[in-house]
Enquirer: 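First the structure, which I've put down as structure tokens, then a few questions once you've had a look.
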Amino acid sequence: MERTLRSIVPTHTVLEGGGFKVRRPVAMGRLMSPFLLLDEMGPVTYGPGEAIGAPSHPHRGFETVTYLLEGGVKHADSAGNSGDLNPGDVQWMTAGRGVIHSELPQDEMMEHGGRMHGFQIWVNLPAADKMMAPRYQDIPAKNIPEATSEDGAVWAKVIAGKALGVEAVIDTVIPITYIHLKLQPGASYVHASKAEHNLMVYAFGGAFEIGGRTLTDGGLGILSEGETLSLKAGPDGGECLLLGGPELDEPIARYGPFVMNTREEIYQAVEDYQNGTLA
Ligand code: FE2
């Protein structure tokens, strides 16, 4: 059975962290297990001294995945990890029982300004894994598999899952699909996946036709169940993220940067953070 566009969630622009502009689908939280959040950061061009990031903050109970297209981010955390994210790089951070970290523009970007564009996605963890030990997978662009269709009309960067016969290198706690796709005008791409897994398409350039409906720039398309998805790019081509995973079907208790299953677990997270025992 082929997947169809069940609904289209529009995006709105919000200010996040220290005040940076992000494009975020409206009310996707409940719609698309196992994803909790999808932020498109920018594209924005900062002047000297204007770039803004997210200073030190905690997380517990899920994963944050940062994928940068343009610009530079530096991160540092309570476990002593630090590093730079450059265009094409991915940081897959499993907060698990707790991490306190900062995500800031690189000094160069801070001083001279520049363009910033990227994505941050929150992936929920099943109850059994919410308190797992934190882990980081910092994958430089050169180690992330890419593939191009035989006719050259479809390009895919395989961050998680599989596309065009190529498999991702990132290890995920639950089976996740995270593909960056670029289609030339009129090109088609067919994606096969487990019929019962949730799948969604976030368009951030051009347009796509899916089962007779059109998804345009800034739209998050929620798909019906099915083994295959057929995407056809519009006359200007199309660029999107393809995201998928299992339905967790567990209660969600959420307070800011903590995502647990019960209120009590949220109180515990706040208490641990205040006591200095979260991370
Ligand atoms: Fe964060």
Side-chain angles (χ1 to χ4, degrees), residues 13-25 28-29 32 34-42 44 46 51-87 89-107 109-110 116-125 129-140 159-160 170 172-174 176 178 202 241 243 245 252-260 265-266 268-270 272-274 276-279:
T13 301
V14 296
L15 293 178
E16 191 47 68
F20 61 88
K21 253 187 196 172
V22 303
R23 198 153 73 145
R24 176 180 296 171
M28 69 172 288
M32 260 331 281
F35 303 100
L36 298 159
L37 179 95
L38 162 58
D39 274 355
E40 181 180 4
M41 310 177 281
V44 59
Y46 291 117
I52 298 162
S56 191
H57 59 276
H59 292 296
R60 172 179 280 180
F62 61 102
E63 303 179 285
T64 69
V65 182
T66 310
Y67 173 33
L68 210 59
L69 299 176
E70 294 176 272
V73 171
K74 61 173 180 181
H75 65 89
D77 70 65
S78 47
N81 301 294
S82 64
D84 283 324
L85 274 176
N86 292 302
D89 296 352
V90 171
Q91 184 194 59
W92 199 292
M93 187 195 81
T94 306
R97 72 169 312 280
V99 152
I100 299 169
H101 74 162
S102 62
E103 301 153 287
L104 298 165
Q106 288 173 14
D107 300 346
M109 164 82 51
M110 213 49 203
M116 184 81 90
H117 190 197
F119 295 94
Q120 185 166 95
I121 289 165
W122 289 11
V123 182
N124 204 359
L125 287 169
D129 298 306
K130 280 192 177 292
M131 295 297 276
M132 68 184 278
R135 71 170 181 180
Y136 282 84
Q137 295 175 82
D138 273 311
I139 320 287
I159 297 168
I170 289 176
T172 61
V173 178
I174 50 175
I176 298 290
Y178 186 165
Y202 177 65
L241 298 183
L243 297 164
I252 294 175
R254 178 171 176 168
Y255 177 72
F258 309 125
V259 183
M260 305 300 290
E265 289 167 343
I266 291 291
Q268 189 63 54
V270 173
D272 289 350
Y273 181 48
Q274 285 167 350
T277 55
L278 180 102

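As the structure lists them, so they are numbered: ligands from 1, and atoms in each ligand from 1. Because the structure is predicted, anything quoted here is derived from the model rather than measured.
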Enquirer: List for me each residue that meets side-chain hydrogen bond (donor to acceptor under 3.5 Å, both in side chains) alongside Tyr202, sequence neighbours excluded, and say none if there are none.
Expert: Arg23, Glu40
Enquirer: As an exercise, state the distance from CZ of Arg97 to CG of Leu125, rounded to the nearest 0.5 Å.
Expert: 13.5 Å
Enquirer: Considering the options Val123, Leu36, Val173, which one meets the side-chain contact (heavy atoms from CB on, under 4.5 Å) requirement together with Phe62?
Expert: Leu36
Enquirer: Give every protein N, O or S atom lying under 2.8 Å from the Fe ion (ligand 1), naming each by residue and atom.
Expert: His57 NE2, His59 NE2, His101 NE2, Glu103 OE1
Enquirer: Treating Asp39 as the side-chain partner and Met41 as the backbone partner, does any N or O pair qualify as donor plus acceptor under 3.5 Å?
Expert: no
Enquirer: Hydrogens and angles aside, do Glu103 and Gln120 bring a side-chain donor and acceptor to less than 3.5 Å of each other?
Expert: yes
Enquirer: Do any N or O atoms from the side chain of Gln91 and from the backbone of Asp84 form a donor-acceptor pair under 3.5 angstrom?
Expert: no
